[in-house]
Amino acid sequence: MAFARSEFADTTRLSGGRRYIRGLHIDLPLLLSLLLLAGIGLVVLYSASEQSNDVVIKQLIRLTIAFGIMFAVAQLSPDTIEHWSPWLFGVGLVMLVAVLLLGEVGKGAKRWLDLGLFTFQPSELMKLALPMIIAWYLSDTTLPPRFSRIIISLALILLPTFLVARQPDLGTAILLAGSGIFVLFLAGLRWRFIITSFILLIPLSWVLWQYGMHDYQRKRVLTFLNPESDPLGSGYHIIQSTIAIGSGGLYGKGWLNGTQSHLDFLPERKTDFIFPVFSEEFGLLGSILLLAVYALIIARGLIIASQAQDTYTRLLAGSITLTFFLYVFINIGMVSGLLPVVGVPLPLVSYGGTSMVTLMAGFGILMSIQTHRKLIAS
Amino acid sequence: MARQSSLTIKDHLRETHLFQKRVLFAVIVAVAVLVLIIARLIYLQIINHDHYTTLSEENRINILPIPPIRGLIYDRNGVLLAQNLPSFTLQLIPEHIRDLDDTLQQLKALIDVSDEEIARFHELRKTKRRFEGVPLRFRLNDVERAKVAVHQDRLPGVNVTAELTRDYPQGKLASHAIGYVGRINEIELTRLDATRYSATKHIGKVGVERSYEDILHGEVGFERVETNSQGRIMNKVPELLPIPGKDLYMTIDINVQKIAEQAFGEDNGALVAIDPQDGSVIAFVSMPTYDPNIFVNGVDRETYRALSQSPQRPLFNRALQGQYPPGSTLKPFIGLAGLEDKIIGSDEKIKCPGYYMLKNDERKYRDWKKEGHGETNLTKAIVESCDVYFYDLSLALKIDRIEAYLARFGLGETTGIDIRGEQEGLLPSREWKRKTYNLPWFPGETLITGIGQGFTLTTPLQLAHITATLGTQGERYKPRIVHAIGEPGIEEISVTSPNHIGTVQKSNPENWNIIIRAMTRVVHSIYGTARSINPGIQYKVAGKTGTAQVFGIKEDEEYDEEKIAKKLRDHALFISYAPVDEPRIAVAVIVENGGSGGAIAAPIARKVMDAYLLKDK
């Protein structure tokens with residue numbers, strides 16, 4: 001009886017919705033802003049897909065699965081996640097090598113691994129496994145990390161990045177490198193190291209340009225620098241998408257009224273180039289609103305990182321959030337002509353399921369970190 | 001260093017502080033980036049809004065592809081084999097129709113639209129915009145067009161559009177050679193040049209239509225199309241005119257082809273006639289044949305099932321892909337091998353008792369003539385088609401020499417004719433048997449190879465080719481079925497030259513004459529197995545009959561044609577060329593389950609040779 005009473009007393013103390021949500025390991029502010037973003041995404045997608053219910057329903061199913069995965073991951077304790085880090089990284093690395101050796105070719109690149117029942121993109125697993133392993137490795141000792149640790153971390157980052165770049169998938173390679181470097185940066189990488197690296201990067205990028213890039217990748221950089229040079233080829237994407245955004249104006253042309261997108265001028269408008277569809281129809285005001293929702297998610301992620309109780313969770317949460325930001329920046333940057341076209345989707349808005357699952361698993365980790373804190377520490 | 005490594009307790013406060021400084025820096029960068037993006041958006045959407053609005057309007061001038069007109073196909077005398085005819089499509093523009101169901105009901109009453117067509121219409125409608133026409137019925141006939149025209153006022157939004165569609169005026173004639181076009185399918189879509197085929201709906205599927213797709217297709221053109229804000233076409237200006245595909249002139253003589261196809265009657269089989277002097281295919285017959293016109297705009301399921309599942313296999317190109325045992329038609333070539341390799345002399349005789357036995361083997365290898373041919377030399381063995389003579393000769397030659405000699409004529413490999421999908425037949429060897437069955441070669445197999453049975457397989461095309469090679473005393477020409485390409489708009493046609501692919505090595509030309517004389521007697525002597533075609537013939541023919549076993553007969557069993565079901569009867573074969581002194585046509589005929597080569601296959605060859613050689617008389 002005594003036991004039962006104390007249990008009863010405990011639940012009354014934890015009354016209120018927030019406690020209940022916390023018991024389910026859900027972070028309400030993050031969940032609500034993600035739902036808001038997903039909702040906006042479906043609305044744009046309906047327009048971008050020429051009002052196809054089919055496409056919207058498919059995306060809705062993917063979102064449901066992705067949110068389910070987020071909830072599932074949130075149930076894991078951060079200790080478990082930390083424990084898994086090296087294993088996950090090892091498996092991811094083996095699969096990346098396998099994909100180069102015997103991967104399925106899609107659109108001229110080897111990215112998929114056929115596992116019999118389904119195809120799998122190992123680079124997606126790596127997007128989480130890489131920051132996990134770096135955070136795991138660095139949280140072992142005192143921060144800021146010593147030089148030897150930095151070098152090993154850089155090696156751990158470059159290996160999968162190189163493998164993915166070879167597929168070739170430049171967008172994912174950039175995101176991967178970013179996710180690892182963010183961990184290093186948050187771990188307190190010294191400024192003089194960062195600045196020196198930037199200076200060294202200049203000759204390195206020349207080498208990369210000369211020997212490390214595919215022709216189509218070079219062409220993309222060149223057309224980014226001067227889109228008019230190839231108006232019917234690869235410059236076409238950038239020209240059409242800036243026209244779409246620019247003609248949207250302050251208020252936009254209204255939902256389903258975007259002429260650029262609906263007259264088939266805008267390519268890839270359901271996937272990588274969905275932001276111009278949104279921006280054409282909802283204008284500058286709508287775009288700022290969308291950016292605000294992204295900012296909300298990022299802010300919440302950084303708060304979770306700051307409140308995290310140990311080095312591992314802190315570094316991981318920070319890296320996941322900043323990588324998410326990198327997604328948004330690269331995507332909107334490329335469609336608005338600020339960055340070259342590298343093929344990064346607009347998270348939770350672009351049509352497609354592969355990266356969505358990884359993103360939501362990442363948010364699951366954030367929720368796990370936030371909701372598994374031990375009360376004494378805060 | 002020493003101090004750091006000995007430090008095991010982490011300085012939590014310092015780490016947390018460091019981390020928060022870094023997060024703060026990240027926030028500052030993130031805000032800066034967001035500001036940059038918003039600044040860029042303001043630049044695009046506010047400052048340059050007018051500029052981009054203008055560009056957006058200009059975008060409504062679109063470039064649309066115009067399909068090229070497909071090249072025509074003629075026979076060697078200029079008779080049209082494939083052309084393009086206007087085809088009329090009934091289409092509905094949903095935007096102009098107030099009550100779609102009512103309109104469909106009216107049309108149903110008017111021209112008998114089927115439910116299947118209506119279902120397809122609704123399916124197609126989903127992929128089109130409201131102002132675009134959605135096809136309901138393809139290939140309207142004149143009566144239907146007239147009916148729609150008369151009731152046009154009651155049917156707003158219903159119209160008839162014309163487009164060119166492929167038509168084969170000869171119908172079933174030569175369809176295995178000409179082939180047909182059909183709608184481009186998804187697999188073809190992935191390998192085609194997207195720009196070049198952007199306006200094309202049809203592509204060559206089989207036959208010459210497929211092999212010469214590249215030449216027949218032509219180059220796509222473009223027009224500038226101005227659309228209004230809803231995408232409706234307002235004005236069209238041609239930018240680049242399409243270049244029509246080139247015309248093809250086939251080597252086929254459609255009159256000879258017609259006579260050949262009719263000569264088969266109800267029988268299945270194949271016939272290939274070749275001009276030995278240049279390899280041009282004069283007739284290319286595979287029976288039964290089919291009407292290629294039904295495939296052009298999509299064949300309905302039932303018709304297709306009937307065609308593809310018919311036991312007669314009308315879609316199977318027997319002349320190109322049918323692989324048959326050559327039977328006794330191989331004997332002249334075995335005989336020639338024996339002479340050339342000096343295994344036999346032309347006058348050496350053996351005694352034929354009606355069967356042949358190997359040493360240490362109980363089995364009797366039968367001759368078709370049970371009582372035997374008696375004293376037999378090479379000429380008699382060819383004229384009367386004595387099996388025992390060739391058993392004996394093959395055993396002396398051995399499989400290796402047989403294989404090597406027949407390979408010189410091109411057996412066991414494709415002839416390289418300009419139609420896709422050719423089969424290579426089978427020329428067996430020790431090596432082949434070991435690889436395929438993991439077994440050694442047995443002497444008994446050499447015997448039956450010598451009379452064209454056993455493993456050996458040839459296509460009718462190969463048989464015609466080797467017969468032509470015999471006629472030219474060893475000069476081999478790659479068979480071709482297209483000999484000229486016509487430039488559109490220009491009278492001149494560019495003629496492709498014959499492709500001489502080699503000469504069969506000769507040790508003594510007289511050996512060839514011995515074989516050819518014997519083959520002449522096959523037709524023109526009273527003992528010849530093809531003497532039935534001799535009466536009234538106006539030129540000299542060298543020929544050889546053959547039968548190919550469809551099923552094996554036990555050594556003590558009698559082959560009784562009457563008792564055996566038609567589908568189990570032997571295939572009847574005949575090869576020939578004429579005139580002997582100056583060969584102009586070589587023919588190979590196979591009549592499936594025809595029974596006797598001399599009685600069934602040879603008369604067909606005679607009709608074809610008559611038609612070709614005597615056409616001017």
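Scope of the values below: all heavy atoms of this structure, side chains included, with no hydrogens, waters or symmetry mates. All chains are named by letter (A, B, ...) in the order of the sequence lines, taking the proteins before the strands, and each is independently numbered beginning at 1.
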| If you round to the nearest 0.5 Å, how far is CD of Q307(A) from OG1 of T16(B)? | 12.5 Å
| query | What is the distance from atom CD1 of I245(A) to atom CG of N48(B), rounded to the nearest 0.5 Å? | reply | 12.5 Å
| query | If you tally heavy-atom pairs under 4.5 Å against chain B, which of G246(A), G283(A), G252(A), A308(A) wins? | reply | G246(A)
| said: Given heavy-atom pairs under 4.5 angstrom as the criterion, report whether the side chain, backbone, both or neither of S279(A) touches chain B. | reply: both
| field | Contact origin within A187(A) toward chain B - heavy atom pairs under 4.5 Å | value | backbone
| said: Quick check on Y251(A): does its OH atom have over 12 non-hydrogen neighbours (other residues, nucleotides or ligands) under 6.0 Å away? | reply: no
| message | I'd like to know if the side chain of Q45(B) and the backbone of S287(A) have a donor-acceptor N/O pair within less than 3.5 Å. | response | no
| said: Around atom CD1 of I42(B), are there more than 12 heavy atoms from other residues, nucleotides or ligands closer than 6.0 Å? | reply: yes
| Quick one: what part of I47(B) sits under 4.5 Å from any heavy atom of chain A, side chain, backbone, both or neither? | neither
| task | Let me know if L189(A) has heavy atoms under 4.5 Å from chain B in its side chain, its backbone, both or neither. | result | both
| query | So do Y43(B) and T242(A) actually touch side chain to side chain, heavy atoms under 4.5 Å? | reply | no
| task | Could you tell me the separation between the CD1 atom of I38(B) and the CD1 atom of I288(A), rounded to the nearest 0.5 Å? | result | 5.0 Å
| request: Drop me the distance from I243(A)'s CD1 to H51(B)'s NE2, to the nearest 0.5 angstrom. | output: 7.5 Å
| message | I'd like to verify something: which residue of G333(A), G318(A), A305(A) has the highest number of heavy-atom pairs under 4.5 Å with chain B? | response | A305(A)
| said: Between I332(A) and chain B, with a heavy-atom cut-off of 4.5 Å, which part of the residue counts as in contact: side chain, backbone, both or neither? | reply: side chain
| request: Calculate, to the nearest 0.5 Å, the distance between atoms NE2 and CG belonging to H49(B) and L250(A) respectively. | output: 9.0 Å
| With no hydrogens and no angle check, is any side-chain donor or acceptor of R22(B) less than 3.5 Å from a backbone partner on F185(A)? | yes
| Once you round to the nearest 0.5 Å, how far does CD of E15(B) lie from CG of L315(A)? | 8.0 Å
| message | Run the side-chain hydrogen bond (donor to acceptor under 3.5 Å, both in side chains) test against T165(B) and tell me which residues pass, sequence neighbours left out. | response | N297(B)
| note | If you tally heavy-atom pairs under 4.5 Å between each of A295(A), A299(A), S306(A), S336(A) and chain B, the highest tally belongs to S336(A)
| field | chain B contact via F275(A) - which portion, at a heavy-atom distance below 4.5 Å | value | side chain
| Could you walk me through whether I37(B) and V328(A) pass the side-chain contact (heavy atoms from CB on, under 4.5 Å) check? | CA-CA 10 Å; I37(B) 289 175; V328(A) 180; 5.6 Å; no
| Exercise: identify the closest heavy-atom pair between G337(A) and R40(B) | CA-NH2, 3.8 Å
| Does atom CD1 of I187(B) have more than 12 heavy-atom neighbours, drawn from other residues, nucleotides or ligands, at distances under 6.0 Å? | no
| request: Give a yes or no answer on whether the side chain of R314(A) reaches the backbone of F19(B) with a donor-acceptor pair at less than 3.5 Å. | output: no
